[in-house]
Student: 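Pasting in a structure now, in structure tokens, and then I'll have a few things to ask.
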Amino acid sequence: MEEEKRKKLSMVVFSGDMDKLFAAFSIATGAAASNMDVTMFFTFWGLRALKKKARTGKSLSGRMLGWFYGGDINRATPSKMSFGGIGRWMFKRMMKAKNVALLPELRQTAIDLGVKLYGCQMSMEVMEIPREKMIDEVTQCVGVAFFIEQAQQSDVTLFI
Amino acid sequence: MEEEKRKKLSMVVFSGDMDKLFAAFSIATGAAASNMDVTMFFTFWGLRALKKKARTGKSLSGRMLGWFYGGDINRATPSKMSFGGIGRWMFKRMMKAKNVALLPELRQTAIDLGVKLYGCQMSMEVMEIPREKMIDEVTQCVGVAFFIEQAQQSDVTLFI
Amino acid sequence: MEEEKRKKLSMVVFSGDMDKLFAAFSIATGAAASNMDVTMFFTFWGLRALKKKARTGKSLSGRMLGWFYGGDINRATPSKMSFGGIGRWMFKRMMKAKNVALLPELRQTAIDLGVKLYGCQMSMEVMEIPREKMIDEVTQCVGVAFFIEQAQQSDVTLFI
């Protein structure tokens, strides 16, 4: 019954940009720290946030995608001023200078606070990212119907 | 009365990127299939999703916009790795390989499931896209007040 | 009691793009004009919408950021077809031709209608944008917990 009264937040994490992932995980951990029930549904580029540092892709297109958009959460670059990696370096530097947690730590905090991380099954298939190339902490790989169900029960919904 | 009990989802579709439109229509069809009442409000670049394959624009700026951002839903390119059209080709290939519906089919499914498609009147005026250059299935062209009204009654709201 | 019955809209404004800011302020003013209680929470690139025309940044990275992403709301460029400033000029021209309010006027209308503008404290610190470089109309500078609280009470939530 206590459980039923908890407010709920559901977000689609579509983006794999460093800055947007940072916003997504900040909101998620903030909400979880406020005792909200938090669901993150990672799709498309957002899947990078759940990946291990591993090669993906089987077909030519899949391997091309893995080549240009491979790596794990540490490879994420900002949506602006990427400058071929300089932007990432610059932001990490600025965050460290202010003692702000970087993405891997922020994701770990989310996990520790009970935030649920779901991978979008269809994107995983299209992008040829198998479950075993994703971190163990992924709660489940689900379809869009699952997200709809979660969103219907939510007090706050966001698409990032 | 049955009608009043249906859950409602409203989204602003601001983006005209292939991948984001794919996410928008996937969520919309998924929600409609779950018996939700779904409203899509297309604005700015998102208007491409409702356009016929036709030239638009009257003023110099309008024609420039039509030149660089013309065409219909098939012209949409992904937000990442566009590579001057190669990204679009690559994603279509990957989707077909997994038997995933492409954008025009997904839009048709949305229409068949009763999803309502609204065009933002102000964007249409600014971008010089007249009603007759849009597909017949557009439910209506409306202002922001209309979206606000729909959103207020919704259980799920998204900006894509 | 009257106050409690008002519907509420909360949005995160993450983007500093001209077109997305335009969408954000259009929705905000539209909602406020419909008697909704509107909260805008500006973070990351979105902070530009609250800045004065002033240099920011102290560290090397901070100054680099100020250099490449400085200026006020008038410096915002569209997310597509920026063309080194031509896109901004083109859109302003198209908007004026249709008598559509430009960003600074739209922001003023939002303020006049009682829309609350919050700056994200953590982004301000990381990006080295002090409070005094922001416009006086900023309601308050707050943390993510504040946004979560507002969002929980809202009928409509958006991430732009």
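In what follows, every chain begins at residue 1, and chains take the letters A, B, ... in the order their sequences are listed.
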Student: Between A/Val156 and chain B, which part of the residue has a heavy atom less than 4.5 Å away: side chain, backbone, both or neither?
Tutor: neither
Student: Checking A/Asp17 against chain B: side chain, backbone, both or neither under 4.5 Å from a heavy atom?
Tutor: side chain
Student: Taking it one step at a time, do B/Ile160 and A/Phe14 satisfy side chain to side chain contact (heavy atoms under 4.5 Å, CB included)?
Tutor: CA-CA 9 Å; B/Ile160 297 181; A/Phe14 174 92; over 6 Å; no
Student: Can you tell which part of B/Ala31 gets under 4.5 Å to a heavy atom of chain A, answering side chain, backbone, both or neither?
Tutor: both
Student: Check whether B/Lys8 gets within reach of chain A through its side chain, its backbone, both or neither, counting any heavy atom under 4.5 Å.
Tutor: neither
Student: Name the region of A/Thr43, side chain, backbone, both or neither, that has any atom closer than 4.5 Å to a heavy atom of chain B.
Tutor: neither
Student: Please state whether the side chain, the backbone, both or neither of A/Met122 comes within less than 4.5 Å of a heavy atom of chain B.
Tutor: side chain
Student: Do other residues, nucleotides or ligands put more than 12 heavy atoms under 6.0 Å from the NZ atom of B/Lys116?
Tutor: no
Student: Apply side chain to side chain contact (heavy atoms under 4.5 Å, CB included) to A/Phe44 and B/Ser79, showing your working.
Tutor: CA-CA 11 Å; A/Phe44 262 80; B/Ser79 61; over 6 Å; no
Student: Side chain to side chain contact (heavy atoms under 4.5 Å, CB included) for B/Met94 and A/Leu65? Distances and angles first, verdict last.
Tutor: CA-CA 10 Å; B/Met94 292 176 87; A/Leu65 197 69; 4.0 Å; yes
Student: Find the one option among B/Val100, B/Leu158, B/Asp19 whose heavy-atom pairs under 4.5 Å with chain A are most numerous.
Tutor: B/Asp19
Student: Roughly how far apart are B/Lys98 NZ and A/Ser123 OG, rounded to 0.5 Å?
Tutor: 12.5 Å
Student: Against chain A, label B/Met11 side chain, backbone, both or neither, depending on which of its atoms sit under 4.5 Å from a heavy atom there.
Tutor: neither
Student: Evaluate side chain to side chain contact (heavy atoms under 4.5 Å, CB included) for A/Val126 paired with B/Met95, printing each intermediate quantity in order.
Tutor: CA-CA 6 Å; A/Val126 169; B/Met95 283 171 171; 4.1 Å; yes
Student: Answer yes or no: are there more than 12 heavy-atom neighbours, outside B/Arg131 itself, under 6.0 Å from its atom CZ?
Tutor: yes
Student: To the nearest 0.5 angstrom, please state how far the NZ atom of B/Lys80 sits from the CH2 atom of A/Trp45.
Tutor: 7.5 Å
Student: Which residue out of A/Val144, A/Thr157, A/Asp155 racks up the most heavy-atom pairs below 4.5 Å with chain B?
Tutor: A/Thr157
Student: When rounded to the nearest 0.5 angstrom, what is the spacing between CG in B/Asn35 and CD1 in A/Ile148?
Tutor: 12.5 Å
